[in-house]
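Below, each value reflects all heavy atoms present in this structure, side chains not excepted, and no hydrogens, waters or symmetry copies. For reference, positions follow the sequence shown, starting with 1. Everything quoted here is computed from the prediction, not taken from an experiment.
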Amino acid sequence: MVTVIPSESPTTREQERILLQGITWETFQGLIQELETQPSKRLTYNNGNLEIWMPLPPHERYKKFFARLVEVLTEEQEIEICSLGSCTWSRADLAKGVEADECYYIQNEPAIRGRMTIDLAMTYGRSKTIDPPPDLAIEVDMISLSLPRLPIYGALGIPEIWRYDGTRSQILVWQAGEYQPVDRSICLPIVTPTILDHFLTQVLTMGETSWVKSIRTWVRTTGKP
């Protein structure tokens, strides 16, 4: 039986979301395919619970800022990456799935280079997945969702999250069974939470083209904003 739990009296469309209970894995996978052409609807799945939510422009702007920041930094440092945007990552054996705001292969980019299909299923008789999970995910966490997303990222084996709550940034690394804040990125050691906050504040005061140029200048010169 499917149970629908409405959101709490939303006052703005930023809060529009719905939580469904009793959703089978097959239904979840079907919805991923069904909603592929509707990127405005986002899915989070955990053991039969499915949350569908619709981000608004503030969320989408910040996720794009993060994407451009990662891509400029890696280009300037000549680091190869594979960008997979808001790809859905899931594992049937865990009954968990999440759509990242942005995600990247960096250290593991050579392992999936040129691949159009990536499989996070466990290999038979072994303790690792067929393909590695992304090295970095971006999580713009500006609204209150019913299903916590960080534990799902952790279960899927994503080692690093850059999280932004609308006020400040955190760099979270999976350690000892949970995400713990660190003062420097493992994937891109040039980045600290202070650097992220600096550039996210700066982009609101200037055009994006000028902003990208300022990032390039920072990387090429002192490495300090």
Residue pair Ile106 / Asp135: nearest heavy atoms and the distance that separates them = N-OD2, 2.7 Å
Around atom CZ of Arg216, are there more than 12 heavy atoms of other residues, nucleotides or ligands at under 6.0 Å?
-> yes
When every non-hydrogen atom of Arg149 is compared with those of Ala100, the smallest separation belongs to NH2-CA, 4.2 Å
Within one Ile-Leu-Val-Met-Phe-Trp-Tyr cluster: Tyr164 and Val72, side-chain cutoff 4.5 Å = yes
Under the criterion ring pair (Phe, Tyr, Trp, His ring centres under 6.0 Å), which of Phe65, Trp218, Tyr62 is the partner of Phe199?
-> Trp218
Would you check if Tyr104 and Cys82 make a side-chain contact, meaning some heavy-atom pair closer than 4.5 Å?
-> no
If you take all heavy atoms of Gly154 and Tyr179, which pair is closest and at what distance?
-> N-OH, 3.3 Å
Can you measure from CG (Leu35) to CD1 (Ile52) and round to the nearest 0.5 angstrom?
-> 6.5 Å
Atom CG of Asp93: over 12 foreign heavy atoms under 6.0 Å | yes
Connected via hydrophobic side-chain network under 4.5 Å: Leu31 and Ile152 = no
Does Val70 share a hydrophobic cluster with Val203, counting links as ILVMFWY side-chain heavy atoms below 4.5 Å and allowing steps through other members?
-> yes
Which distance, rounded to the nearest 0.5 Å, do you find between the CG of Leu50 and the OG1 of Thr27?
-> 9.0 Å
Pairwise side-chain contact, Ile190 with Gln77, heavy-atom cut-off 4.5 Å (strictly under) | yes
With a 4.5 Å limit on heavy-atom distance, are the side chains of Arg17 and Arg42 in contact?
-> no
To the nearest 0.5 Å, atom OH of Tyr105 lies from atom CZ of Arg115 at 8.5 Å
Of all residues at least two apart in sequence or in a different chain, which pass the side chain to side chain contact (heavy atoms under 4.5 Å, CB included) check with Arg68?
-> Lys64, Glu208, Trp211, Val212
Do Gln170 and Pro193 come close enough that some side-chain heavy atom pair is under 4.5 Å?
-> no
Using the six-membered ring wherever Trp is involved, compare the ring planes of Tyr45 and Trp25 and label them parallel, tilted or perpendicular (cut-offs 30° and 60°).
-> perpendicular
Interatomic distance, CZ@Arg91 vs CG@Asp119, rounded to 0.5 Å, equals 10.0 Å
The reported gap from CD in Gln175 to CD1 in Ile186 (rounded to nearest 0.5 angstrom) is 7.0 Å
Residue pair Glu71 / Ser83, side-chain heavy-atom distance below 4.5 Å = yes
Flag yes if Ile112 and Ile79 sit in one hydrophobic cluster, no otherwise; membership is Ile, Leu, Val, Met, Phe, Trp, Tyr, and two members link when side-chain heavy atoms are under 4.5 Å apart.
-> no
Between Ser86 and Glu99: side-chain donor-acceptor atoms closer than 3.5 Å | no
Could you tell me whether the side chain of Asp165 and the main chain of Arg168 form a donor-acceptor pair under 3.5 Å?
-> yes
Glu34, CD: over 12 other non-hydrogen atoms inside 6.0 angstrom | no
Glu160 side chain to Ser185 side chain, donor-acceptor N/O pair below 3.5 angstrom | yes
Less than 4.0 Å between a side-chain N and a carboxylate O, is that true for Asp141 and Arg163?
-> yes
Exactly one of Leu172, Ile138, Leu136 clears side-chain contact (heavy atoms from CB on, under 4.5 Å) with Ile161, and that residue is Leu172
State plainly whether one hydrophobic cluster holds both Met142 and Tyr153, where clusters connect Ile, Leu, Val, Met, Phe, Trp and Tyr through side-chain heavy atoms under 4.5 angstrom apart.
-> no
Grab the two heavy atoms, one from Arg184 and one from Pro189, that are nearest each other, plus how far apart they are.
-> NH1-O, 2.7 Å
On the 0 to 90° scale, with breaks at 30° and 60°, tag the His59-Trp53 ring pair as parallel, tilted or perpendicular.
-> perpendicular
Rounded to the nearest 0.5 Å, how far does OG1 of Thr192 lie from NE2 of His198?
-> 10.5 Å
Correct closest heavy-atom pair for Ile158 and Pro133 would be CG1-CB, 4.1 Å
Please step through side-chain contact (heavy atoms from CB on, under 4.5 Å) for the pair Glu26 and Gln29, ending with a clear verdict.
-> CA-CA 5 Å; Glu26 292 73 20; Gln29 294 297 305; 5.8 Å; no
Which heavy atom in Ile118 sits nearest to a heavy atom in Pro132, and how many Å separate them?
-> CG2-O, 4.4 Å
So Leu43 and Phe28, side-chain contact (heavy atoms from CB on, under 4.5 Å) or not? Walk me through it.
-> CA-CA 9 Å; Leu43 306 177; Phe28 169 54; 4.2 Å; yes
